[in-house]
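The next block holds one structure in the form of structure tokens; read it before the comments.
When a ligand or atom number is given, it counts from 1 through the structure's own listing order.
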Amino acid sequence: MEQYGLESIRNLVLLSHCGAGKTSLSEAILFTTGTINRLGKVDDGTTTSDYDPAEVKHQISLNLSVLPCEWKETKINLLDTPGYTDFVAEVKAAVRVGEGAMIVVCAASGVEVGTGQVWAYSEEANLPRLIFVNKMDRENADFYRTVEELQSKFGPKCVPVQLPIGAHDDFQGIIDLLTMKSYAGSPAKEGEIPSSLQAQAESFREKLVEAVAEIDDVLLEKYLGGEGLSLEELNEGLRRAVATGRIVPVLVGSAIQNIGISLLLDAICSYLPSPKERNVAVVGDSGKPEMIEPSQDTPLAALVFKTSADPYVGKLTYFRVYNGAIDSNSQVWNTTRNEAERIGQLFTIRGKTQEPVSQIRAGDIGAVAKLSITGTGDTLCSRDKPVKIVPISFPEPIFSEAVYPKTKADLDKLGVALSRLTEEEPTLRVHRDSETGETILSGLGETQLAVAAEKVLRKFGVGIELETPKVPYRETLTVATKAEYKHKKQTGGHGQFGHVLLEMEPSPRGSGIEFVDKVVGGRIPKNYIPAVEKGVNEAVHEGVLARYPVADIKVTVYDGSYHPVDSSEICFKIAGAGAFKKGLSEGQPILLEPIVNITVRAPEDYTGDIIGDLNTKRAQVQGMNPEDGINVIEAQVPLAEVLRYAIDLKSITQGRGSFTVEFSHYQEAPPHTTQKIIAEKQAVKA
Ligand SMILES: Nc1nc2c(ncn2[C@@H]2O[C@H](COP(=O)(O)OP(=O)(O)OP(=O)(O)O)[C@@H](O)[C@H]2O)c(=O)[nH]1
Ligand SMILES: [Mg+2]
């Protein structure tokens, strides 16, 4: 395969609200560039990008796909991302390794919530971008309305460089405002602008020329002097304006009908920057980021941006090379892990096809199978010249479910499957809750976890069920009490005897169980006291109300008796546990529930709805801090009420809100909660 210089590569991220047509567009691009010879369809599960069985099943993208193609001597690596917000990690990774973005907007739905989100991500990453108004063939498609929405949301810098000819059933092609030619049909035939659209085209061209002229004094002078700008000047001006984000050209077409695609490809190559024009941030000596210039003649620096478990080749690692080159069958240095890594055969990947290559050079993207130590976000470089590229930051998990294996065989394979799963998806985490004993899988939303469960079955052959995690309630007593327990048995030979008197009193929240020995005069011999304590410590595992762990009690052993022959450690352990249980029942026990601090961030307009919802969740709002149109709401709320808060907040704010939760303290559960939980426990027991 041919090697490309830095200038002749484009790494282009496709971004949109879900379903605007990124995958269909990438398919049309692969078709138009001659990379594939049959135009697949998302609805038939035949696209190059959405080849994963789960993508075919759900008909949405779930993974970031790299789709290389070539257009007029430029190599374009399309990075097709999922639009569904649970999979935002894939978007973050793609935005990190691209130099330019294409924001796809549906001409019928216009600007949607997700459009704003991906706009914000590309703004944050400083990515030059183009907008493609897709689905012009659809009912209700309206280019001009969509442009107005774009301009009112993102500013007048969204400037059309094309106009559609017709719409809906009658969508025929594109007018290019730069060349003032029309391109009808697929493949496009160049022609004159239809006379009915001539005036419209001239007026939009005027706006475009003015926008380009405004970015440069020389051009502006020429323009104001009444001189027209040449096509070259316009193209060059646009290129610079796009690079600095001062203009975001708006293009139009239909992915499904493959209309507007070759003009779109020309625009990608002409206006979006190449890897040469974008420096990469590395961690400097002081720990602060420093920018380094891309070059193919320097030692290797590459960033791993995705890891996937491929059913055929095993673990597959995707990387973007920023400096130098990486070779097949070589050794590299993993700066993140401080260890050497062996590189086997390199590939370029396109959907499910993998093409072996001997080298991947700076600016380009490749993959390698079966790395042993390397994970997503790591830097691979040359050992003599180690650098560390600033890793990709992924959002923290906000939604958890408990994982239950379906069968005994599934249980045995569960650990390995879950660890491979989390290796693949940086926003998934697994931990064991020591309090409830459950294995907890956390991620960004219900859909992500459901898809993960399917994946665990399909890829690793492990069946799992997901359930809402148990709440780690606790039990304690509310009044001081004394309890006596005598363990006495006469069985054949020598008997059993242990006798313990305990004093139990409530202690402050969070103090746990304290054990004090106040026995005097050897009424319980010293060597049996540890056995009493052991009995107490075992008894605290299960309370008397609903068998939750017991907490916050000071336990004093103050008296008892023994038998010189029949007493033993085990007898005192039984007596200690028995006395504890009795004391707990008599001390007016209550259930404690965990309270968390929740911090919700959302646009101010949603404040009323968020607070209203929190109030139904027994929350106590502690404060609000509006900041730049975003309100930060702080509250304390029982954990039991917010186990599925990610879903609630998403629907309240249309996905615009975010939140964090951290444990605060335990407090007495209200009587109706307590009764409900006791009843549930009894039902389970029955
Ligand atoms: N009429 C029409 N439908 C389109 C066009 N492009 C895409 N679609 C349809 O829109 C739906 C979503 O298309 P996708 O290509 O999967 O959109 P996407 O942006 O990749 O979706 P996600 O990956 O889930 O975010 C599918 O049913 C497509 O057939 C188009 O140009 N015209
Ligand atoms: Mg898609």
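Atom 10 (O) of ligand 1 has its closest protein heavy atom at K135 NZ, 3.0 Å. Looking only at heavy atoms of the protein, atom 23 (O) of ligand 1 is closest to S61 OG, 2.8 Å. Protein heavy atom nearest atom 13 (O) of ligand 1, with residue, atom name and distance: S24 OG, 3.6 Å. The protein atom (non-hydrogen) at minimum distance from atom 1 (N) of ligand 1 is D137 OD2, 2.8 Å. From the protein, the heavy atom lying nearest to atom 6 (N) of ligand 1 is N134 ND2, 3.2 Å. Among all non-hydrogen protein atoms, the one lying nearest atom 21 (O) of ligand 1 is G19 N, 3.1 Å.
Under a 4.0 Å N-O distance rule, the pair K455/E424 qualifies as a salt bridge.
Among the atoms of P82, none of the N or O lies under 3.5 angstrom from an N or O of ligand 1. Here's the thing with A255: one of its N/O atoms is less than 3.5 angstrom from an N/O atom of ligand 1. Here's the thing with Y84: none of its N/O atoms is less than 3.5 angstrom from an N/O atom of ligand 1.
Atoms of ligand 1 lying under 4.0 Å from at least one heavy atom of V42, given by number and element, are 14 (P), 15 (O), 16 (O). Listed by atom number, the atoms of ligand 1 under 4.0 Å from C18 heavy atoms are 25 (O). Of all atoms in ligand 1, listed by their number and element, those nearer than 4.0 Å to a heavy atom of K22 are 15 (O), 17 (O), 18 (P), 19 (O), 20 (O), 21 (O), 22 (P), 23 (O), 25 (O).
Just one residue in the list R458, K459, H58 forms a side chain to side chain donor-acceptor pair (under 3.5 Å) with D52, and that residue is R458.
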Pair E425-Q448, side chain to side chain donor-acceptor pair (under 3.5 Å): steps then yes or no: CA-CA 10 Å; E425 285 188 55; Q448 185 191 21; 3.0 Å; yes

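Listed by chain and residue number, nothing satisfies the side-chain contact (heavy atoms from CB on, under 4.5 Å) test with P391 (two or more places apart in sequence, or in another chain).
Atom CD of Q162 is separated from atom CG of L263 by 5.0 Å, given to the nearest 0.5 angstrom. Taken to the nearest 0.5 Å, the CG atom of L316 stands 6.0 Å off from the CD atom of Q354. With rounding to the nearest 0.5 angstrom, the CG atom of L643 is 12.5 Å from the CD atom of E467. To the nearest 0.5 Å, atoms CH2 (W119) and NZ (K153) are separated by 10.5 Å. With rounding to the nearest 0.5 Å, the separation of NZ in K306 from CD1 in I365 is 12.5 Å.
Within 6.0 Å of atom CD in E139, 12 or fewer heavy atoms from other residues, nucleotides or ligands are found, so the atom counts as exposed in its surroundings.
Relative to atom 4 (C) of ligand 1, the option among I256, D50, N258 with the closest non-hydrogen atom is I256.
Residue S16 touches ligand 1 through its side chain alone, judged by heavy-atom distances below 4.0 Å. Of all the heavy atoms of D43, the ones lying under 4.0 Å from any atom of ligand 1 belong exclusively to the side chain. The proximity of T23 to ligand 1, defined as any non-hydrogen pair under 4.0 Å, involves the side chain as well as the backbone.
Within the protein, the number of N/O/S atoms found under 2.8 Å from the Mg ion (ligand 2) is 2.
Taking the six-membered ring where the residue is Trp, the centroids of F204 and Y144 are separated by under 6.0 Å.
Both tests pass for R320 against the ring of Y322: distance under 6.0 Å to the centre and angle within 45° of the axis.
Relative ring orientation between Y645 and F659 is described as perpendicular, the plane-to-plane angle rising above 60° on a 0-90° scale split at 30° and 60°.
Side chain to side chain, D176 and T179 meet the donor-acceptor criterion of an N or O pair below 3.5 Å.
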